[in-house]
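Letters A, B, ... are given to chains in the order of the sequence lines, protein chains preceding strands, and every chain is numbered from 1.
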Number of protein chains: 2
Amino acid sequence: MKHKPTDYDNTFSIDNVIFGFDEGSLKVLLIERAEEAFIGKMALPGNLVRHDENLDLGASRILYELTGLKDAHLEQLYTFGDINRHPLGRVITVAYYSLIRIKKYKLQPKISFAKRAAWIPVAEIPQLAFDHNVIVEKALDRLRGKLRYKPIGFELLSEKFSLSQLQDLYESILLIAIDKRNFRKKILSYDFLIALNEKQKDVSHRAAKLYRFDKKRYELLDKKGINFEL
Amino acid sequence: MKHKPTDYDNTFSIDNVIFGFDEGSLKVLLIERAEEAFIGKMALPGNLVRHDENLDLGASRILYELTGLKDAHLEQLYTFGDINRHPLGRVITVAYYSLIRIKKYKLQPKISFAKRAAWIPVAEIPQLAFDHNVIVEKALDRLRGKLRYKPIGFELLSEKFSLSQLQDLYESILLIAIDKRNFRKKILSYDFLIALNEKQKDVSHRAAKLYRFDKKRYELLDKKGINFEL
DNA sequence: GCAAAAGTGTTAACTTTACACCCATGT
DNA sequence: ACATGGGTGTAAAGTTAACACTTTTGC
């Protein structure tokens, strides 16, 4: 680069918005910061990106280091670059987001940058470091938008789930009420759910049939131009 | 920042994908580079961003300097950060995109970085500098996706347009055929087009009635939860 | 036996699709 | 008078929305 570093060099970070669903509510993975700038505050798991590392890989690395999570299938969300978003200088941040099954992972930060990592219900998110509340809002918008026209709800549930669990998920994330019969008819009509010969256990009422999402089947249908909605 | 510059400092740029529609086909605004790295090649109008400038403002500034265009209502598209995307070092680029009325603007670069600026039909885009072909593809995907469920086609047409012009636009961008009667019924049923007391001029056949898009009306309907599709 | 959630069909309203001819204007 | 695109309605098919009771299970 022929320009003076002071004019054009910037610092880049990545922040990850990881959603999970548990006990009937949507949660976000947050860390408690153990370092300068907003020390002690909750924040998204994010950090600076190395200049020899691709963004997507950087996102995975940072997520792993701060929370112990691997293989989260991160997707780029938006880039935030207001000049004053970081108190210690200009840092442009590329936000990534992902949906995961909470129970599949154990949280344990690998570096001291994060004091701890925790799942916080979306409705109870405190004031976060930097502009992280804005980033979470953007991710929520995206999640809600996508949930309506891509079958991604399954990524938040355990592998086997009941139709009621799935309906609860839609209702609580999209903040809408859905008719039970119509919901079942519709979701089953897409033909990408496989009914298992298995039922719920340890419930104090009639046990529901369990299903799993057949991703291969969905991709086939998707290629044929069938498009999911709600 | 407490880190060594060499580990974490990056250079970042903004690249703009500006779409226009003219003579029945979708076009992209490209410049011919007059500077090092891919000199002489066509490229998206993009440049480095100053460290004291917000991303959105940087996008407008760069677009203006390289093409003379102002007020293009730019929207952030995606951030591209592969380590090898720029031959002279690492440059992360934030891509923006916009739809404009070609005829409303005159192209004239304000700085020597661009030798010239030109509208190139999407079907005839040559090999571009850097990863700009990939960026254009991403913008096209976004445009096509958005065109189906947001009434943005009007941004590409002149203020007054006929329904056939609008239909042509949809058909040629989405690469689909639409039934004329059904199209008219549907688009008029949304009630955000205003029929003008005016007809086409200088056509060698029956002149079509002209309409304009009533943005305020659309926003009102949008707030009420009416959602546009196709 | 009761509390709690699972499971199940039908009808009316609405939306989408398919389809073909006459009209106005310029040459 | 002909070529070019403008303009218009209806019916069948498909989709969505509204709606309530019976079944299973654990306590």
Looking at the side chain of [X], which of [options] is the nearest nucleotide?
X      : options               : result
B:A208 : C:dG7, D:dG6, D:dG26  : D:dG6
A:R184 : C:dG7, C:dT27, C:dA4  : C:dG7
A:K185 : C:dG9, C:dA20, D:dT25 : C:dG9
B:R181 : C:dG7, D:dG7, C:dA20  : C:dA20

Write down the distance between [atom1] ([X]) and [atom2] ([N]), rounded to a whole number of angstrom.
X      : N      : atom1 : atom2 : value
B:L163 : D:dG6  : CG    : P     : 9 Å
A:L230 : D:dT16 : CG    : P     : 10 Å
A:F183 : C:dA6  : CZ    : C1'   : 14 Å
B:K199 : D:dG5  : NZ    : C1'   : 13 Å
B:I178 : C:dC19 : CD1   : C1'   : 17 Å
B:H205 : D:dA1  : NE2   : C1'   : 18 Å
B:D202 : C:dA24 : CG    : P     : 21 Å
B:I226 : C:dC14 : CD1   : C1'   : 16 Å

Requested in this report: Select from A:R206 and A:N182 the residue whose nearest nucleotide in DNA chain C is closer to the 5' end of that strand.
Outcome: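 Nearest nucleotide further toward 5': that of A:R206.
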Report task. Return the 5'-most residue of the pair B:V203, A:D179 with respect to DNA chain C, ranking by each residue's nearest nucleotide. Result ->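 Taking each residue's closest nucleotide, the earlier one in sequence belongs to A:D179.
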Query - Minimum-distance pair of heavy atoms, taken over all atoms of B:F228 and B:P151 - result: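 Heavy atoms only, the tightest pair is CD2-N, 3.4 Å.
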Report task. Establish, with yes or no, whether the OP1 or OP2 oxygen of D:dG6 is under 4.0 angstrom from a side-chain nitrogen or oxygen of B:S164. Result ->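 For B:S164, the contact criterion (side-chain N or O under 4.0 Å from OP1 or OP2 of D:dG6) is met.
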Query raised in the report: When you match A:K186 and A:S204 each to their closest nucleotide on DNA chain D, which lands nearer the 5' end?
Result: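 This one resolves to A:K186.
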Between [Y] and [X], is the closest basic N to carboxylate O distance under 4.0 Å?
X      : Y      : answer
B:E155 : B:R101 : no
B:K146 : B:E75  : yes
A:R61  : A:E65  : yes
A:E32  : A:R116 : yes

Query raised in the report: Donor-acceptor pair under 3.5 Å: do we get one between A:K180's side chain and the base of C:dG7?
Result: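 By the distance-only test, yes, there is a pair.
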